[in-house]
Q: 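Just dropping this structure here.
Letters A, B, ... are given to chains in the order of the sequence lines, protein chains preceding strands, and every chain is numbered from 1.
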Amino acid sequence: MNKKKFGLRVAAVCFLFIAIWLLQRLLMPKYVSAIVEGSLIEEYYREETSHDVIFVGDCEVYENISPIALWDNYGITSFIRGGAQQLIWQSYYLLEETFKYEKPEVAVFNILAMQYDEPQSEAYNRLNLDGMRMSKEKIKSINASMMEDEHLAEYLFPLLRYHSRWNELSWEDFKYIFNKDKISHNGYYMRVDIQPVKTIPKPKKLPSYEFGEKAWEYLNRMVELCKENDVQLVLIKAPSIYPHWYDEWDAQIKEYSEEHDLLYINLLQKADEVGIDYNTDTYNGGLHLNISGAEKVAVYLGNILKETYGLKDHRDEPELSSVWQEKSRFYNEMREKQLRELEEYGYLKSLGVEKRED
Amino acid sequence: MLFASYNFIVFISVLFIIYYIIPKKYQWVLLLLASYLFYFFAGPSYLIYIAATTISTYIAGRMIGNIAQSQARYLSEHKKELTRGEKRVYRDRQKSKMWRWLLACLLFNFGILAVVKYSNFVIANINHISKAVGGTGGFSFWNIALPMGISFYTFQTMGYIIDVYRGKYSPEKNIFKLALFVSFFPQLVQGPISRFDDLSQTLFKEHPFEYRNISFGLQRIVWGYFKKVVIADRIMVAVNTLIKDPETYQGAFALVGMLFYAFQLYADFTGGIDITIGIAEVLGIKVKENFDRPYFSKSIAEYWRRWHITMGTWFRDYLFYPLSTSKGMMKIYKFTRQHFNPYLGKRIPVYISTIIVWFTTGLWHGSSWNFIVWGLMNCFVIVISQELEPLYSWFHSKVRIGNTIGFRVFQVIRTVLLLSAIRMFDCYRDVPTTFRMFGSMFTVFNYRELFNGSMLNLGLSMADYGVLLLGLVILLTVSLVQRKGSVRAQLASRPHLIRYAIYYALLIAILIFGAYGVGYDSSQFIYNQF
Amino acid sequence: MKRLSILLIALLLLVACAGPKEGLEEVVGNDQQKAVEDNKSSKQGKTDGAVEDNDNNGEEDKGFEFEANGVVIAMNAEMAPIIEKLGDPMEYFEADSCAFEGKERMYYYSGFEIHTYEKEEIDHVQSVVFNDDSVSTKEGISLYSDFSSVIDAYGEEYTLTEGLYIYERGKSQIKFLVEDDEIVSIEYVAIVE
Amino acid sequence: MEELLEILEELHPDIDFEECDTLIDENILDSFDIIALISEINLEFGISIPPDEIVPENFNSAQALYQLIERLSDED
C-alpha cells in the first residue's frame with residue numbers, strides 16, 4: 001500500500017467520523033425552548049469562577065432556590081446541579097465530578113430522592129446524564145441508573161438514542177448545533193407565574209416507610225465523599241407540599257443527620273419561618289415555588305449557611321462581583337420578560353406552559 | 001446476543017481484531033471459543049445440548065470411520081482368497097454395524113430436537129383429542145426452553161454423520177474441530193446449513209489478513225444490517241399490528257399485511273444471511289450462499305430452489321432421495337406399474353415422498369399446525385402445477401406469449417403473490433383464522449380505507465413509509481445489478497469517490513433510519529421472539 | 001369452446017405454477033423458509049395457540065373494576081365519562097410531572113379517590129384508593145376488615161411484599177396493605193404499558 | 001448397456017439415448033424419470049444407487065449412467 005493510498009484511507013475514515021459526530025450534534029435534543037430542564041446539568045461547565053455552595057437533587061432544588069438571591073443578599077456564590085427526578089446516585093456522582101473541578105465549602109442535598117431505590121425512567125435519566133461531560137463518574141452514574149432495556153452504548157454515543165428524531169428536526173436543532181443559549185441562573189429554573197395551593201393531597205399509606213438499601217448506601221457514600229474533600233454536607237427538604245414527605249421519613253433522616261453530625265433543615269416544616277405564602281409563592285399548586293418563593297428560601301437558607309459555616313461575603317471582590325453582576329442582569333432581564341409575557345398572554349407562552357383554564 | 005444488538009457488534013469487532021493478531025494456527029481455536037461464548041450468552045444451559053450433539057456425533061462418526069477402515073484393510077488384505085459372495089456377506093455385516101451407529105446417532109439427536117421442540121405440540125394435540133372424546137385433556141405443558149438454533153445445528157450435524165456413513169468423506173478426528181463445525185456462531189442462529197466437506201475447506205485453515213476479504217466482508221455485513229434494521233424491523237411494526245388483530249384488519253388490510261410480511265421476511269432473512277456470510281468472509285471463511293434472488297422466480301418450484309437453498313438441498317439429499325429410492329417406494333413403483341400404468345408408477349413414489357418432505361419441512365419451521373398446513377400448501381401447488389404441465393404446454397402452443405417480457409413479469413408477480421398467500425399461515429394464530437383472513441380479501445371490500453389515513457395507525461408514520469419505499473427501490477436496484485454478477489465487485493471498479501459515497505450513505509442510513517433503540521421498544525419486544 | 005378452455009387454462013396459470021420443464025430437482029424443490037421462524041414460533045407459543053380453544057376468557061382480560069354509586073370504574077378507562085357520571089369531585093388536585101408535559105390528576109370523592117395519567121392528552125384511570133370503610137370492592141372487601149376475607153374473595157394467587165398483597169388480572173392490580181391481620185389500605189392500580 | 005437403453009427408451013421413446021449427453025442439463029429427464037430409473041435399475045441389475053450418487057454428472061448420458069452401474073457392481 002503506498003503512502004498516498006494510505007493517506008486517502010485515513011482521510012476517508014476521519015471524514016466518516018466527523019460526519020457522524022455532526023449528525024449526533026444535530027439529532028440530540030437541544031432543550032432550549034421545551035423541556036429546558038435538560039440543559040441544567042451542562043450549564044455548569046460554562047462557569048468560570050468557583051462556588052461556595054453546590055446544590056444537588058431533584059426539581060426541589062432547581063426550582064426552589066435562587067442562587068442570585070444568595071449572592072445579592074450574602075455574597076455567597078453557588079450553583080445548582082439539579083435535574084428532574086434526579087436519583088440519589090446521580091446526585092452522588094455529580095458531586096464526585098464537581099469536586100474534580102472545585103472544592104466548595106458546602107454541598108446541599110435535597111433528601112426527597114431517598115424515596116427511590118431503583119431507576120425510574122429512561123427520560124429522566126437522560127435529563128440528568130446527557131448533560132454531563134464524559135468522565136469516569138458519568139459512566140458510573142449511567143451504570144447505576146440504567147433501566148433494564150437501556151444500553152451504555154446509547155449514552156456513550158447518543159446518536160444511537162436520538163437517531164429517530166430525524167423526522168422531527170426543527171430549525172432550533174440546526175441553530176443550536178454548536179452553541180446554546182443559557183436558560184438557567186446557575187442551575188435555577190425561573191418561573192414568575194403563580195398558582196396557589198388549593199388542595200393538599202392526602203398521603204397514601206405505604207407498605208414500608210424504610211428507605212431502600214441502595215438509597216442509604218449512596219447517602220453514606222455522599223457523607224464519606226464530602227468528608228474526604230473537606231466539604232460540609234447539608235441535607236434539606238424543600239418546602240414543596242407534594243410528593244408527600246412522610247413523618248416516618250423525616251424521623252429517619254433526623255436520626256441519621258444527628259448520628260453523622262450533619263445539618264438537616266426541613267424547610268417544609270419551617271415554611272412559616274421562611275415566609276412562604278402558598279397563595280403567592282408557588283407556580284403549580286405547591287409542587288414548585290416561583291421566583292418569589294425561591295428567593296425567600298435562598299434568603300432563609302443563606303442566613304443559616306453563613307452563620308453556621310462562616311461563608312465569606314464575596315461582594316467586595318471586584319472580579320467575582322463583575323461576573324455576578326452579569327448574572328444578576330440576565331436574571332432580572334428574564335424576570336422582566338416573563339412578567340411581560342404573563343401580562344400579555346396570561347401564561348408563560350415561551351416556556352410551552354399550557355394555558356390554565358381557571 | 002442478537003445480530004442487531006450492540007453487544008454483538010462489539011463481540012465481532014473484538015473477535016476480528018484478535019483473530020488477525022494471534023498466531024494463525026490458533027485462529028480456528030479462537031473461533032471455537034468465540035462460538036461457545038456466543039452460545040453461552042444465549043443461555044448457559046443450552047451448552048449442554050450442543051455439547052451432547054457434538055460428542056455423540058463425534059463418537060458415532062469415529063466408530064463408523066473405524067469400521068469402514070477395517071473393512072477396507074480386510075478386503076485389500078484378503079483380496080485374493082475371498083469370493084465375490086463372501087465379500088458381499090462381509091460388507092453387509094460391516095454395513096449393518098455402521099448402520100446401527102448411524103441410527104443410534106440420528107435417534108439420539110433428532111430425539112433431543114423432538115423433545116425440546118415438539119413435545120408441547122404433541123401434548124396440545126393429545127389434550128385436544130382427549131377433550132373431544134370427553135376426557136379432561138389434562139396433560140400439562142413441559143417447560144423446556146428451546147436452545148437457540150437447535151434446528152439448524154442438528155440438521156447440519158446430522159448431514160455430516162450421514163455423509164460419513166455414506167462414505168462421502170472420512171470422519172473428523174479432532175473433536176474440537178467437529179465442535180467448531182457444529183457451533184460456528186455466525187450461522188448458528190439462522191443458517192445457512194453447511195456441509196462439512198464444503199465448510200471445512202476454509203473453516204480450519206490459516207487465514208492471513210487480506211484487505212479484499214475484510215473490505216468485501218464488511219460491506220456485506222453493512223448491507224445485511226441495512227436490510228434488517230432499516231427495512232425489516234421497521235415494517236415489522238406494521239405487520240405485527242395487522243396480524244395481532246385479525247378481527248379489525250380484514251380485507252384490504254389482510255392483503256397489505258400479506259405483502260408487508262413478504263417484504264419483511266425477505267429483508268430480515270436475507271439480511272441476516274448477509275451478515276452471516278459477511279462475518280465469515282471477514283474471517284476468510286466461505287459459507288455457501290442461501291439465496292439466489294428468490295423473488296424473481298417464475299414458479300413456486302423454482303422459488304424453492306432459490307430461497308433458503310441450503311435447507312432445500314438438505315431435505316433433498318437426506319430425506320427426499322433416500323425416501324423415493326427406498327425399498328418400500330420401489331415396491332410401490334413396481335406394484336402401480338404392473339397393476340395400473342407406468343405413468344402412475346413413476347409419479348406415486350415421488351409424490352408420496354414429496355408430501356412427506358413437505359410435511360417435515362413445515363414441521364421443521366415450527367411446531368404448529370400452521371406450519372404443517374403451510375408446508376402442505378406449498379406441496380399442493382407444486383404437484384398441481386406439475387400435473388397441469390401438459391395443459392400449459394398446449395396453452396403456450398396456442399397463445400404465443402410465453403417468451404414475452406410481459407408474461408415473465410406476470411409469472412414473477414404471480415409467484416410472489418402465491419407464495420405470500422401461502423405464507424399467511426405463519427402469520428395468523430391458527431389455521432381457521434388464516435383461511436378466514438384469506439377469504440376476507442375477496443369478500444370485505446374496504447380497499448378505499450387504505451387511503452383514508454388508517455395506514456398511519458399501524459405504527460408507521462408517513463416518514464417511515466417514505467424510508468420503506470426508498471428501501472424497496474434500493475433492494476430492487478441491487479437485485480437487478482446482481483444479474484451482472486457481484487455487486488461489490490462491480491462497485492470496486494468504480495472511482496473512489498462514488499464508492500465511498502455509497503458505503504457511507506449506507507452506513508449512515510443504518511445509523512439514522514434504523515428501527516432500533518428507544519422509540520422502537522415495541523419492535524424490540526417482537527424482535528426478541530425471533 | 002376453444003376460447004373457454006383457453007380462458008380456463010389462463011385461470012389455472014394464475015393458481016398454479018407452470019415452470020418450464022425441469023430436471024433433477026423439479027419436485028425436490030423443498031426448501032425452507034426461514035431460520036428465524038424456527039425460533040419465533042416456538043417462543044410465541046404458537047404451539048399452544050394452534051390447538052387450543054380460541055374462546056378467550058373474557059373475564060381474565062377485563063381486569064379488576066371498582067364500582068361506586070353504580071358507576072363502574074375500570075383501570076385504564078378514560079376519565080371524562082366517569083366524571084360525568086360521578087359528578088364533580090369534592091376536591092381536586094393536579095400535579096405537574098417534572099420537566100415533561102402531562103399531569104397526574106387526583107379526584108376526591110366520598111370514601112375514595114381516583115388518580116389519572118395522561119396519554120395522548122386524554123386522562124385515563126391510573127388508580128383508585130380507598131379512604132374509609134364506606135366503600136368496598138365488588139367482591140365485598142372494605143377497609144379495616146380482616147385479611148382472611150381477602151383470601152376468601154380473591155384466592156391464594158397473590159404476590160406478597162412487606163405486608164402488601166397484590167392480585168393481578170388483565171391490565172390491573174388490586175393491592176391490600178395488611179397490618180396485624182387488618183386491611184389498612186386498598187388500592188386499584190392500572191398496569192400502564 | 002442394452003438393458004439400460006431399453007429402460008431409457010421405455011421412459012422416453014422419442015430420445016436417442018446413445019447420442020444425447022445432456023439428459024439432465026436439457027431437462028429431458030425430470031425427477032420422476034430419475035426415480036423411476038433408479039427403481040428400474042434396481043429391478044434389472046440388482047443394484048441400488050445411493051442418494052449421494054444422484055448428481056447430474058451421473059445421469060447426463062446413458063454412457064455415464066452405465067459407468068455408474070459398472071462401478072457400483074464392481075464394488076460387490
Q: Does a side-chain heavy-atom distance below 4.5 Å link C:Glu91 with A:Lys202?
A: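 Side chain of C:Glu91 against side chain of A:Lys202, heavy atoms only: contact under 4.5 Å found.
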
Q: Crowded around A:Ile200 CD1? As in, over 12 foreign heavy atoms under 6.0 Å?
A: no

Q: Quick one: closest heavy-atom pair of A:Ile241 and C:Phe93, and the distance?
A: CD1-CE1, 4.4 Å

Q: Which residue out of A:Glu63, A:Glu210, A:Lys205, A:His288 racks up the most heavy-atom pairs below 4.5 Å with chain C?
A: A:Lys205

Q: Using every non-hydrogen atom in the two residues, find where A:Pro207 and C:Glu162 come nearest and quote the distance to one decimal.
A: CB-O, 3.6 Å

Q: Looking only at heavy atoms, which two atoms of C:Leu177 and A:Leu206 are closest? And how far apart?
A: CD2-O, 3.4 Å

Q: If you count heavy atoms of other groups shown closer than 6.0 angstrom to NZ of A:Lys214, is the number above 12?
A: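 It does: A:Lys214 NZ has more than 12 such atoms within range.
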
Q: Is A:Ile35 in contact with chain C via its backbone, its side chain, both, or neither, using a 4.5 Å heavy-atom distance?
A: both

Q: I'd like to know whether CG of A:Asn279 has more than 12 heavy-atom contacts from other residues, nucleotides or ligands below 6.0 angstrom.
A: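 Yes, enclosed.
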
Q: Measure distances from C:Tyr108 to the heavy atoms of chain A and classify the residue's part below 4.5 Å as side chain, backbone, both or neither.
A: side chain

Q: Around atom CG of C:Asp133, are there more than 12 heavy atoms from other residues, nucleotides or ligands closer than 6.0 Å?
A: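 More than 12 within 6.0 Å, yes.
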
Q: Can you tell me if CG on C:Asp181 sees more than 12 non-hydrogen neighbours from other groups inside 6.0 Å?
A: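 Counting neighbours around CG of C:Asp181, more than 12 heavy atoms of other residues, nucleotides or ligands fall under 6.0 Å, so yes.
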
